[in-house]
Amino acid sequence: MQLRSVAVVILSLLLFPPPISAHNITHILAKHPEFSTFNHYLTLTHLAPEINNRETITVCAVDNAGMNQLLSKHLSIHTIKNVISLHILLDYFGAKKLHQITNGTALAATMFQATGSAPGSTGFVNITDLKGGKVGFGPAENHGNLPAMFVKGVEEIPYNISVIQISTMLPSAVAEAPTPEPSHMNLTSLMSAHGCKVFAETLLKSPAEKTFEDNADGGLTIFCPGDDAMKNFMTKFKNLTDDGKQSLLEYHGVPVYQSMATLKSNNGVMNTLATDGAKKYDFVVQNDGNVVTLKTKIVTAKITGTLLDEQPVAIFTIDKVLMPKELFKAAEADAPAPAPAAAPEADAESPKSAKKKKHKAPVAADTPADSPADGPSDDFADSTADDDNGGGFRYSGGTVVAGVLSMWFLFLLL
């Protein structure tokens, strides 16, 4: 009986492991009003979700008086984000570890370094264990000067997140350098220079370009297909009506700023600039670890890179053109096809295409390859399953295997 009881306990633990709780930096700091200003700017700069998305991180918080010194410089919100990101270390430094640093000193990479905006070693922080039990902090560019001191540990979740207080903001001429606001940048030039030239040039020829520009100040996320993807799609694009072309381009924009951290932590349906009442023009965002995909009823595209991620604008590259069901079924029937046998199959899959069709042409032979048959129920089932993991809890992917082995183990004992 004892063996059976032990087996049941083991089986329960393997089949139903406790959820792993994700940290939430704003909730942690909310318990400490002396950091309310620092906490407010973590939210305002969208650094909070990026911190929450990291599994090993240290936040060097500064009290309200220290933040007031920073705010007195009247920096833009984008520059403030750079300064605060220098205080977020991409490693775990609890109070104990700070006093046990190997060789007494360490260089820690920061979130500012990870943005790619910090040249050389300017995105690193020097941490040194000093005489008398003190620990000093200073930017690597500060030539060994350590203007900030460790004050106390605020909260620790061992080897996950450590929140500590330091005495003052870390000075950095590079981090405090003026940063142009994304809405004032030439977005199409930025896309053209980073592998999305075909999409950018197509956008410039369309009224959709003004739609993108008009939304930049209030918040905008652009999913930009790479040049190869756009070149392969241009035959289908040219077969669309003018309205269809504009809608397809606007389908690649979302009228809300979505950072990469936000996309990685949230799943579900997302409306676009093309959404207009009954014409949904939406897609589903899904994530699997660091991989984020955008699923329409026709195609699944993967985010492959980040061109810009600064409030209020984010631009991400994707490996395929997003094809909305509102347009692509019409385009599918309109594209030329060297293989006549493909036409009946496309027509069978598109019973409503006649309502959307505005010009005629044979079906493209490459349509099935570009358009995996993702049924509506599968899409939404997947997004619902991922939504369950978006609230800060996740289960091990090996649960099924462990369950099978446990059942076998229990059978042997019985």
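- At least one donor-acceptor pair under 3.5 Å links the side chain of N186 to the backbone N or O of S189.
- Taking both residues in full, the closest heavy atoms of S121 and Q113 are given as C-OE1, 4.4 Å, listed atom of the first, atom of the second, then distance.
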Exercise. Checking side-chain contact (heavy atoms from CB on, under 4.5 Å) for the pair T272/D282: CA distance, chi angles, key distance, verdict?
Worked result: CA-CA 6 Å; T272 68; D282 56 17; 5.6 Å; no

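- Residues satisfying the side-chain contact (heavy atoms from CB on, under 4.5 Å) criterion with D91, sequence neighbours excluded, are T56, F93, K97.
- In plain terms, the two heavy atoms of E141 and V174 that are nearest each other are OE1-CG2, 3.8 Å.
- Shown here for M191 and A200, the closest heavy-atom pair between the two residues is CB-CB, 4.1 Å.
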Problem set entry | Residue pair M260, V292: steps toward the side-chain contact (heavy atoms from CB on, under 4.5 Å) verdict | CA-CA 9 Å; M260 176 56 77; V292 180; 4.2 Å; yes

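- In this view, T293 satisfies the side-chain hydrogen bond (donor to acceptor under 3.5 Å, both in side chains) rule with no residue, not counting sequence neighbours.
- Contact annotation: the side chain of S247 never approaches that of E326 to less than 4.5 Å [non-hydrogen atoms, C-beta and beyond].
- With sequence neighbours excluded, the residues that form a disulfide bond (SG atoms under 2.5 Å apart) with C196 are C224.
- The backbone N or O of H87 sits nowhere less than 3.5 Å from a side-chain atom of T110 that would complete a donor-acceptor pair.
- A donor-acceptor contact under 3.5 angstrom links the side chains of T262 and S259, judged on distance only.
- More than 12 heavy-atom neighbours from other residues, nucleotides or ligands sit within 6.0 angstrom of NE2 on H32.
- Rounding to the nearest 0.5 Å gives a distance of 6.0 Å between CG of L42 and CD1 of I84.
- Counting only distance, with no hydrogens or angles, the side chain of N52 and the backbone of I25 share a donor-acceptor pair below 3.5 Å.
- Side chain of E209 to main chain of L204: no donor-acceptor pair is present (N/O by atom type, distance under 3.5 Å, no hydrogens or angles).
- Taking the six-membered ring wherever Trp is involved, the centroid distance between the rings of Y251 and F283 falls below 6.0 Å.
- Side-chain atoms of H23 come within 3.5 Å of backbone N or O of I51 as a donor-acceptor pair.
- Taking CG from N287 and CG from N266, the interatomic distance works out to 8.0 Å, rounded to the nearest 0.5 Å.
- In this structure a side-chain-to-backbone donor-acceptor pair under 3.5 Å is missing from D129 to T105.
- M230 is listed as a side-chain neighbour of V321, based on a closest heavy-atom distance under 4.5 Å.
- In this structure, the separation between CE on M169 and CG on L70 is 4.5 Å, given to the nearest 0.5 Å.
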For this session: Take L89 and V59 through the test side-chain contact (heavy atoms from CB on, under 4.5 Å) and record every step on the way to the result.
Result: CA-CA 6 Å; L89 314 181; V59 178; over 6 Å; no

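- Contact record, M270 with L263: CE-CD2, 4.0 Å, taken as the closest heavy-atom pair.
- Proximity of a side-chain donor or acceptor of T296 to a complementary backbone N or O of V299 within less than 3.5 Å is detected.
- When the side-chain contact (heavy atoms from CB on, under 4.5 Å) test is applied to E156, the partners found at least two apart in sequence or on another chain are Y92, A95, S162.
- Under the 4.5 Å side-chain criterion, counting only non-hydrogen atoms from C-beta, F35 is in contact with Q165.
- For the pair I77/T45, a side-chain contact is recorded, criterion being any heavy-atom separation below 4.5 Å from C-beta on.
- With 3.5 Å as the limit, one finds a donor-acceptor pair spanning the side chains of T26 and N24.
- Nearest heavy atoms, P139 versus P171: CG-O, 2.9 Å.
- Looking only at side-chain heavy atoms (C-beta outward), E176 and N82 stay at 4.5 Å or farther from each other.
- Using modelled atom types and a 3.5 Å distance limit, the side chains of S206 and Q246 yield no donor-acceptor pair.
- For NE2 of H99, the number of neighbouring non-hydrogen atoms (other residues, nucleotides, ligands) closer than 6.0 Å is greater than 12.
- A distance of 11.5 Å separates CG of L86 from CE of M111, quoted to the nearest 0.5 Å.
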For this session: Mind running side-chain contact (heavy atoms from CB on, under 4.5 Å) on L307 and F316 for me, showing each step along the way?
Result: CA-CA 6 Å; L307 302 188; F316 304 104; over 6 Å; no

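- For the atom pair K134 NZ and T128 OG1, the distance stands at 14.0 Å (nearest 0.5 Å).
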For this session: In sequence, state the C-alpha distance, the side-chain angles, and the governing distance for E34 and K152, and then conclude on salt bridge (Lys or Arg N to Asp or Glu O under 4.0 Å).
Result: CA-CA 13 Å; E34 66 270 28; K152 65 180 181 181; 3.6 Å; yes

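- The closest side-chain heavy-atom distance from F137 to L98 is below 4.5 Å.
- The two residues L47 and S85 have their closest heavy-atom pair at CD1-N, 4.0 Å.
- Taking the six-membered ring for Trp, H252 and F199 have ring centres closer than 6.0 Å.
- Between N126 and N142, the side chains place no donor N or O within less than 3.5 Å of an acceptor N or O (distance only, hydrogens not considered).
- At a threshold of 4.0 Å, the pair K210-D214 counts as salt-bridged, since one of the basic side-chain nitrogens sits closer than that to a carboxylate oxygen.
- Counting heavy atoms from C-beta on, the side chains of L273 and L249 never come closer than 4.5 Å.
- In terms of modelled atom types and a separation under 3.5 Å, the side chain of T202 and the main chain of V198 share a donor-acceptor contact.
- Looking only at side-chain heavy atoms (C-beta outward), Y257 and H46 come within less than 4.5 Å of each other.
- Under the side-chain contact (heavy atoms from CB on, under 4.5 Å) criterion, S36 pairs with N64, not counting sequence neighbours.
- Here T304 pairs with T317, D319 under the side-chain contact (heavy atoms from CB on, under 4.5 Å) rule; sequence neighbours left out.
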Problem set entry | Step-by-step salt bridge (Lys or Arg N to Asp or Glu O under 4.0 Å) determination, K81 to E50 | CA-CA 12 Å; K81 180 177 182 178; E50 295 184 41; 3.6 Å; yes

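- The closest donor-acceptor contact from the side chain of N53 to the backbone of P49 lies at 3.5 Å or more, if one exists at all.
- Here the straight-line distance linking atom CZ of F328 with atom CG of L248 works out to 10.0 Å at 0.5 Å rounding.
- At distances below 3.5 Å, not a single donor-acceptor pair connects side-chain atoms of N215 with backbone N or O atoms of P255.
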